[in-house]
Amino acid sequence: MNIHKIALGILLTIAATSAVAQQAPYDTTHKPQLISKQFSFTEGASVDKKGNVFFTDQPNNKIWEYSTDGKLTVFMDSTGRSNGMYFDKKGNLVTCADEHEQLWSISPDKKVKVLLTDYQGHMMNGPNDIWIDNKGGIYMTDPYYQRPWWTRTKPDLDGEKVYYLPKGKTQPIIVDADLKKPNGIVGTPDGKYLYVADIADNKTYKYTINKNGTLSDRKLFVEQGSDGMTLDENGNIYLTGKGVTIYNPEGKKIGHIDIPEPWTANLCFGGVNKDVLFITASKAIYIVKMNVKGVE
């Protein structure tokens with residue numbers, strides 16, 4: 001075969017591969033679609049295996065479901081003022097129930113199991129967001145935000161930290177105590193890395209996850225904090241706050257989705273193909289059709 005034709009073929013293959021790699025995560029000409037604006041404050045977006053999305057209306061103490069066919073229904077009332085949430089491998093919805101600073105596991109038939117009540121006899125600040133690893137261990141951020149439904153007015157713990165609750169255990173371990181106010185959290189699907197946002201310091205960090213669940217090699221990922229966060233199949237990280245900001249794995253900003261609400265709190269990829277970005281924003285929820293798929 002002509003060597004020039006071989007070389008040309010290689011170059012075309014490289015160019016095509018590069019074009020796919022550089023494909024924008026979403027069509028910037030499409031505006032986010034408002035689904036509903038009937039809530040008090042939406043949070044906790046989490047997706048089940050089928051692509052149905054569950055989210056919280058925390059002040060109203062409810063968990064809602066947005067199904068793959070576009071139906072919006074109340075999944076559960078009296079949810080412990082659930083905030084951040086994440087599905088485990090068995091299909092249980094693990095929630096940050098900050099009415100009494102606990103972690104709950106809610107089964108598909110709505111039976112509640114309390115996973116965490118305290119740290120060494122001290123009340124948690126207020127579990128905020130979680131990510132569950134492949135071993136069933138739970139990483140949790142525990143900032144202090146004074147809630148109107150609390151009787152207490154100050155923390156019972158010294159500092160606002162990141163914890164890891166090994167599967168089957170009732171006491172967590174501290175994996176980072178050197179943050180001002182940890183909030184959004186997400187890990188990579190291979191279980192190698194964890195991202196944690198320090199929203200008070202406007203920074204997001206990347207950690208290496210050790211075999212025993214501890215963290216090491218903390219590095220500044222970007223100079224931006226986040227409420228909730230998620231990842232796509234290309235390793236891009238989606239941060240919330242004022243709209244949605246997208247960074248590639250090297251920390252370069254590659255996109256921003258404007259959301260016409262005061263605050264964007266959380267997000268996840270839903271839908272049958274996990275290619276619909278579902279966004280909780282103040283009193284509303286929005287969706288955006290994406291060119292990439294989620295990995296959670």
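By convention here, the first residue in the shown sequence is residue 1. FYI, side chains are in, hydrogens and waters are out, and symmetry mates aren't considered; it's all heavy atoms of this structure.
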For this session: With side-chain hydrogen bond (donor to acceptor under 3.5 Å, both in side chains) as the test, would you mind laying out the steps for Thr280 and Asn266 before giving the verdict?
Result: CA-CA 5 Å; Thr280 66; Asn266 219 316; 5.6 Å; no
For this session: Decide if the gap between the ring center of Tyr139 and the ring center of Tyr164 is smaller than 6.0 angstrom.
Result: yes
For this session: State the CE-OG1 distance between Met85 and Thr95, to the nearest 0.5 angstrom.
Result: 7.5 Å
Problem set entry | Cation-pi geometry met for Lys252 and Tyr247 (6.0 Å, 45°) | no
For this session: Taking side chain to side chain donor-acceptor pair (under 3.5 Å) as the test, write out the residues that go with Thr240, two or more places apart.
Result: Ser226
Problem set entry | ILVMFWY network linking Ile246 to Phe221, side-chain heavy atoms under 4.5 angstrom | no
Problem set entry | Within the 6.0 Å centroid threshold, strictly below: Tyr238 and Phe269 | yes
For this session: Could I get the full list of salt bridge (Lys or Arg N to Asp or Glu O under 4.0 Å) partners for Lys203, not counting sequence neighbours?
Result: Asp201, Glu223
For this session: Output the rest of the hydrophobic cluster of Tyr144: all Ile, Leu, Val, Met, Phe, Trp and Tyr residues reachable through side-chain heavy-atom contacts under 4.5 Å, sorted by chain and number.
Result: Trp149, Trp150
Problem set entry | Partner set under side chain to side chain donor-acceptor pair (under 3.5 Å) for Tyr286, not counting sequence neighbours | Glu261
Exercise. Looking at residues at least two apart in the chain, or sitting in another chain, which of them share a salt bridge (Lys or Arg N to Asp or Glu O under 4.0 Å) with Asp275?
Worked result: Lys289
For this session: For the residue pair Gln102 and Asp118, confirm or rule out a side-chain donor-acceptor distance under 3.5 Å.
Result: no
For this session: Would you please name every residue forming a side chain to side chain donor-acceptor pair (under 3.5 Å) with Asp190, sequence neighbours left out?
Result: Thr188
Problem set entry | With sequence neighbours excluded, residues passing ring-ring contact (aromatic ring centres under 6.0 Å, His included) with Phe278 | Phe55, Tyr66
Exercise. What do the steps show when you test Gln58 against Thr56 for side-chain hydrogen bond (donor to acceptor under 3.5 Å, both in side chains), and what is the final call?
Worked result: CA-CA 5 Å; Gln58 191 182 29; Thr56 68; 6.0 Å; no
For this session: Evaluate side-chain hydrogen bond (donor to acceptor under 3.5 Å, both in side chains) for Gln146 paired with Thr153, printing each intermediate quantity in order.
Result: CA-CA 7 Å; Gln146 185 66 46; Thr153 56; 5.6 Å; no
For this session: Report the residues that fulfil salt bridge (Lys or Arg N to Asp or Glu O under 4.0 Å) with Asp217, sequence neighbours left out, ordered by chain and then residue number.
Result: Lys219
Exercise. If you measure from the Lys or Arg side-chain nitrogens to the Asp or Glu carboxylate oxygens, is any gap between Arg152 and Glu101 under 4.0 Å?
Worked result: yes
Exercise. Looking at residues at least two apart in the chain, or sitting in another chain, which of them share a ring-ring contact (aromatic ring centres under 6.0 Å, His included) with Phe41?
Worked result: none
Problem set entry | Whether Thr204 side chain and Val196 backbone form a donor-acceptor pair below 3.5 Å | no
Problem set entry | Results of salt bridge (Lys or Arg N to Asp or Glu O under 4.0 Å) for Asp198 - residues two or more places apart only | none
For this session: Would you please say whether a donor-acceptor pair under 3.5 Å links the side chains of Asn125 and Tyr119?
Result: no
Problem set entry | Ring centroid separation Trp64 to Phe39 under 6.0 Å | yes
Problem set entry | Euclidean distance, Asp77 CG relative to Asp57 CG, rounded to 0.5 Å | 10.5 Å
Seminar exercise, completed: Taken to the nearest 0.5 Å, the spacing of Ser282 OG from Glu43 CD works out to 10.5 Å
Seminar exercise, completed: The side chain to side chain donor-acceptor pair (under 3.5 Å) partners of Ser216 (sequence neighbours excluded) come to Asn210
Problem set entry | Donor on one side chain, acceptor on other, Ser107 and Asn92, under 3.5 Å | no
Exercise. With the threshold set at 4.0 Å, does a side-chain nitrogen-carboxylate oxygen contact exist between Lys181 and Glu160?
Worked result: yes
Exercise. If two hydrophobic side chains count as joined below 4.5 Å and joins carry through other members, does Val162 share a cluster with Leu165?
Worked result: yes
Problem set entry | Hphob cluster co-occupancy, Trp104 + Phe87, side-chain heavy atoms under 4.5 angstrom | yes
Exercise. Who else is in Tyr193's hydrophobic cluster (ILVMFWY, side-chain heavy atoms under 4.5 Å, direct or via others)?
Worked result: none
